[in-house]
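Worksheet: the structure to be examined is printed underneath.
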Amino acid sequence: MGFIIGAVVVFGLLYILGVDITTLLSILQILMTVLTCMCALFFVFCDILLIFASKKHPARLLEIEKDSAPETEENGEDEKTKMLSRFAFYEVQGERLRNWFPAESVMRKRIYSKRECHVRIARLGHKRLVFDRHSMVIVAAGTVLMGLGVVGMTLHWLFVLKVL
């Protein structure tokens, strides 16, 4: 949130200093293109992990709780941030592992159940990354949507640069 406020302040100052609004909008489009490409790369990285570096394991949902970071007033977390930072913890082969994606707060009872399930575990160095079925849906949907976003941004820039 602080980044967004800072960007608005910078754009406001540039506008006050006389920078043309079309230049500011072009800068905003470039930033959006870069962020869309970075999100697409993240989802492609997750796809590669799921396809080539993960194995299926039986698991059982232990609980959904906040990550193990210490809760202090110095963290500067408000209630909304605390609510969004809950993760699903699974027991896999006697070990307690955290899901890589945060737990969904909407429809939590329908998505996560205490019965036996299967998760995919990918090794990345010394870390073990857990993907439950909800995470796999997020990765698949994110790959498709960000892929479409990159294609749309690419077509936009080809039209703007008068290549097409």
Side-chain angles (χ1 to χ4, degrees), residues 1-54 64-89 97-112 120 122-164:
M1 189 64 169
F3 176 76
I4 294 172
I5 293 171
V8 168
V9 169
V10 167
F11 275 94
L13 287 173
L14 288 172
Y15 182 72
I16 290 171
L17 291 173
V19 177
D20 190 27
I21 191 74
T22 55
T23 304
L24 292 175
L25 289 176
S26 294
I27 292 170
L28 185 63
Q29 287 178 337
I30 290 169
L31 286 174
M32 288 176 60
T33 302
V34 169
L35 290 174
T36 303
C37 289
M38 288 173 60
C39 285
L41 286 174
F42 169 74
F43 285 117
V44 167
F45 172 73
C46 289
D47 286 331
I48 291 170
L49 278 177
L50 281 169
I51 293 170
F52 298 112
S54 69
I64 297 175
E65 66 176 29
K66 285 180 248 165
D67 200 8
S68 60
E71 296 179 39
T72 61
E73 290 294 320
E74 295 139 19
N75 284 349
E77 294 181 327
D78 57 3
E79 287 300 317
K80 193 172 186 180
T81 305
K82 287 180 183 178
M83 186 175 77
L84 293 176
S85 62
R86 294 187 180 273
F87 290 87
F89 287 86
L97 298 173
R98 182 180 71 103
N99 192 13
W100 204 34
F101 286 84
E104 187 67 42
S105 58
V106 178
M107 294 178 44
R108 184 175 287 164
K109 293 200 186 306
R110 292 183 58 75
I111 295 172
Y112 303 101
R120 297 196 69 86
R123 288 195 179 273
L124 189 61
H126 67 281
K127 289 198 175 241
R128 295 177 70 188
L129 308 175
V130 177
F131 293 90
D132 60 6
R133 65 186 169 134
H134 181 64
S135 300
M136 289 185 266
V137 169
I138 290 172
V139 169
T143 302
V144 171
L145 293 175
M146 288 297 110
L148 291 173
V150 167
V151 168
M153 294 284 191
T154 303
L155 289 175
H156 166 76
W157 284 110
L158 290 175
F159 282 119
V160 166
L161 298 173
K162 296 181 178 28
V163 175
L164 289 179

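Classified by interplanar angle (parallel below 30°, tilted 30° to 60°, perpendicular above 60°), the ring pair Trp100/Phe131 is perpendicular.
With values rounded to the nearest 0.5 angstrom, Leu41 atom CG is found 11.0 Å from Cys46 atom SG. Going from atom CD1 of Ile48 over to atom CZ of Phe45 covers 8.0 Å, rounded to the nearest 0.5 Å. In this structure, CZ in Arg123 is found 12.0 Å from OG in Ser54, a value given to the nearest 0.5 Å. Distance check: Leu148 CG to Thr143 OG1 gives 11.0 Å after rounding to the nearest 0.5 Å. Taken from CZ in Phe43 to CG in Leu145, the straight-line distance is 8.5 Å, to the nearest 0.5 Å.
Minimum interatomic distance between Leu24 and Phe11 (heavy atoms only, all atoms of both residues): O-CE2, 3.4 Å. Ala40 and Val150 get closest at one heavy-atom pair: CB-CG2, 3.7 Å.
Side-chain atoms of Thr23 do not come within 3.5 Å of backbone N or O of Val19 as any donor-acceptor pair.
In this structure, the side-chain hydrogen bond (donor to acceptor under 3.5 Å, both in side chains) partners of Ser135, at least two apart in sequence or on a different chain, are Asn99, Asp132. With sequence neighbours excluded, the residues that form a salt bridge (Lys or Arg N to Asp or Glu O under 4.0 Å) with Arg128 are Glu95.
Heavy-atom contacts from other residues, nucleotides or ligands closer than 6.0 Å to CZ of Phe42 number more than 12.
Figure legend: cation-pi geometry between Arg98 and Phe89 absent, as NZ or CZ is not positioned both under 6.0 Å from the six-membered ring centre and within 45° of its axis.
No side-chain heavy atom of Phe87 sits less than 4.5 Å from a side-chain heavy atom of Ile64.
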Which donor-acceptor pairs under 3.5 Å do the side chains of residues 25-35 make with protein atoms, sequence neighbours left out?
residue : atom : partner : partner atom : Å
Ser26   : OG   : Thr22   : O            : 3.0
Gln29   : OE1  : His156  : NE2          : 3.3
Gln29   : NE2  : His156  : NE2          : 3.4
Thr33   : OG1  : Gln29   : O            : 2.8
Thr33   : OG1  : Trp157  : NE1          : 2.8

